[in-house]
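These values consider heavy atoms only, across backbone and side chains, with no hydrogens, waters or symmetry-generated copies.
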Amino acid sequence: MVTAETPPHPSAGACPNCGGDRLTPVRQVRVSKAHVAAELAHCTSCDFLFLADPTWLDVAYEESFYGDTGYVDRNLHASRLLRLLLVIGRLGRFGASEPGWDLGTGLGMLPRLLRDHGFDFHGTDAYAAMELIRPFCGPPGDGPIGCKTAFEVIEHVPCTPDFLRQEVGATPLFVFSTLMRREGEIPGPDWWYYAFGNGQHISFHSRRSFEVAMEQAGMDPSWLVCIDGPVHARALHLIAPSARWRRAFRVAGALVNRGLDGLLLPWLEPLVGLRTRIIPDHTIAMERLRSAAERQPCP
């Protein structure tokens with residue numbers, strides 16, 4: 001059943017972001033290792049740039065990490081940003097920000113780094129084995145989620161409004177990264193972020209197109225904050241109804257980009273009661289392995 005809160009999915013030939021029909025073909029490209037023909041299209045109504053009808057995704061995800069040269073550095077920076085942001089939230093008593101859930105976690109490096117510093121984070125990923133976050137690779141229980149993250153996920157999503165509605169929903173704090181274009185910009189065929197060779201990047205937002213996606217998902221665009229990352233402009237983002245979280249995100253981003261978190265976190269994290277989960281998590285992992293072994297039938 002379609003309601004005002006759940007607008008209908010765009011029909012064939014419509015923009016997957018706004019549902020409009022003012023689509024302009026940009027160019028034909030070849031994507032994935034199978035060199036599938038694809039059309040890069042632009043919606044002049046909402047400024048969304050995308051690869052239409054991505055039928056090649058099964059092939060694209062056969063090698064989920066091929067060419068992701070920024071994975072380690074990105075997760076190290078993201079963990080520093082989130083640690084400082086969540087500590088600010090604890091100090092200011094902004095409300096529960098845990099447990100946390102990293103969507104599209106990949107190897108699970110981000111939630112593992114956060115758990116190592118005391119935060120209760122889990123990860124999920126339909127296309128990866130999540131080796132680093134086992135056995136915490138699943139939704140963190142049935143209760144409310146304080147924070148969700150999705151670093152380098154939005155550009156993989158065919159329909160951003162659906163993702164925001166279904167995966168983010170009413171979560172009070174959503175931190176994510178994707179490289180946003182300038183409004184109206186259509187990068188040339190050699191733009192590195194297209195990554196046509198692996199075929200996984202299919203959605204290329206500007207701030208304008210992303211705000212339209214938020215409106216389609218029933219979110220207020222004023223909840224969005226965009227800041228520069230350490231390498232790329234317009235790369236780090238937050239959605240939060242609370243103005244305090246939005247201010248804290250700007251402050252945390254500025255401090256981390258200047259390297260000042262290294263001076264603050266060693267004494268702020270213990271101050272708010274955070275303790276590493278390295279040994280407790282090791283104990284849980286070993287107990288689960290032992291239990292699994294005991295359940296196996298004797299040969």
Side-chain angles (χ1 to χ4, degrees), residues 1-23 41-50 52 54 82 85 89 94-105 122 124 126 139-181 183 202-227 234-250:
M1 179 174 69
V2 175
T3 69
E5 289 74 27
T6 57
H9 194 280
S11 59
C15 172
N17 195 60
C18 71
D21 59 2
R22 296 175 59 188
L23 301 182
H42 179 246
C43 177
T44 57
S45 294
C46 72
D47 196 35
F48 185 47
L49 183 67
F50 63 101
L82 283 162
L85 175 65
F94 292 179
S97 57
E98 295 174 65
W101 184 354
D102 185 38
L103 305 168
T105 195
H122 298 239
T124 55
D142 298 325
I145 306 298
C147 174
K148 288 186 179 180
T149 57
F151 284 82
E152 296 305 286
V153 172
I154 295 296
E155 63 278 3
H156 295 250
V157 174
C159 182
T160 308
D162 281 355
F163 177 83
L164 293 176
R165 191 181 306 114
Q166 297 166 9
E167 301 297 335
V168 180
T171 306
L173 188 62
F174 177 53
V175 183
F176 65 103
S177 72
T178 192
L179 187 56
M180 289 193 182
R181 306 159 19 246
E183 184 173 335
I202 56 178
S203 296
F204 310 99
H205 278 282
S206 65
R207 175 162 186 151
R208 177 185 160 201
S209 67
F210 195 87
E211 287 178 346
V212 170
M214 291 179 65
E215 290 178 333
Q216 293 286 310
M219 298 177 175
D220 187 335
S222 69
W223 298 348
L224 177 67
V225 176
C226 303
I227 63 174
R234 304 175 304 281
L236 297 170
H237 319 281
L238 170 138
I239 296 174
S242 167
R244 292 196 296 174
W245 277 121
R246 298 196 295 271
R247 287 192 295 268
F249 183 67
R250 293 186 180 96

Would T160 and H205 count as a side-chain hydrogen bond (donor to acceptor under 3.5 Å, both in side chains) here? Give the steps.
CA-CA 9 Å; T160 308; H205 278 282; 2.7 Å; yes

Going through the distances and angles, do E155 and I202 end up as a side chain to side chain contact (heavy atoms under 4.5 Å, CB included)?
CA-CA 6 Å; E155 63 278 3; I202 56 178; over 6 Å; no

Test side chain to side chain contact (heavy atoms under 4.5 Å, CB included) on W245 and V175; report intermediate values, then the result.
CA-CA 11 Å; W245 277 121; V175 183; over 6 Å; no

Audit row: L173, K148, side chain to side chain contact (heavy atoms under 4.5 Å, CB included) steps and yes/no:
CA-CA 6 Å; L173 188 62; K148 288 186 179 180; over 6 Å; no

Where do C18 and C43 land on the side chain to side chain contact (heavy atoms under 4.5 Å, CB included) test, with the steps shown first?
CA-CA 9 Å; C18 71; C43 177; 3.7 Å; yes

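Here the closest non-hydrogen pair linking N17 and A213 is OD1-CB, 3.2 Å. When every heavy atom of F94 is checked against every heavy atom of A248, the shortest pair comes out as CE1-CB, 3.8 Å. Contact between L164 and A217 at its shortest, heavy atoms only, is CB-CB, 3.8 Å. In terms of heavy-atom proximity, A14 sits nearest to G19 at CB-O, 3.6 Å. A pairwise comparison of heavy atoms in I227 and V225 identifies CG2-CG1, 4.1 Å as the closest pair. Of all non-hydrogen atoms in P99 and P140, the two that sit nearest each other are CB-CB, 3.8 Å.
For R181, the salt bridge (Lys or Arg N to Asp or Glu O under 4.0 Å) test picks out D47, with sequence neighbours left out. Listed by chain and residue number, L103, F163 satisfy the side-chain contact (heavy atoms from CB on, under 4.5 Å) test with E167 (two or more places apart in sequence, or in another chain).
Within a 6.0 Å radius of CG in D21, no more than 12 heavy atoms belonging to other residues, nucleotides or ligands are found.
For T171 (side chain) and F174 (main-chain N/O), no donor-acceptor pair under 3.5 Å exists by modelled atom type. Checking side-chain atoms of S203 against main-chain N and O of V157 turns up a donor-acceptor pair under 3.5 Å. Put simply, the side chain of S177 gets close to the backbone of E152: a donor and an acceptor are under 3.5 Å apart. One N or O on the side chain of R207 and one on the backbone of L224 form a donor-acceptor pair closer than 3.5 Å. Side chain of R165 to backbone of M214: no donor-acceptor contact under 3.5 angstrom is found. Between the R234 side chain and the L179 main chain, no donor and acceptor come within less than 3.5 Å of each other.
Ring to ring, H42 and F48 are not that close: their centroids are 6.0 angstrom or more apart. Between F204 and F210, the gap from one ring centroid to the other reaches at least 6.0 Å.
For the pair P139 and H122, the minimum side-chain heavy-atom distance is 4.5 Å or more.
Residue H237 forms a ring pair (Phe, Tyr, Trp, His ring centres under 6.0 Å) with just one option from F151, F176, W223, and that option is F176.
One distance of note links SG of C226 with CG of L236; it measures 9.5 Å at 0.5 Å rounding. Here OG of S206 is found 8.5 Å from CD of E211. Values are rounded to the nearest 0.5 Å. Distance CG/L49 to OG/S209: 8.5 Å, rounded to 0.5 Å.
Side chain to side chain, W101 and T149 fail the donor-acceptor criterion of an N or O pair below 3.5 Å.
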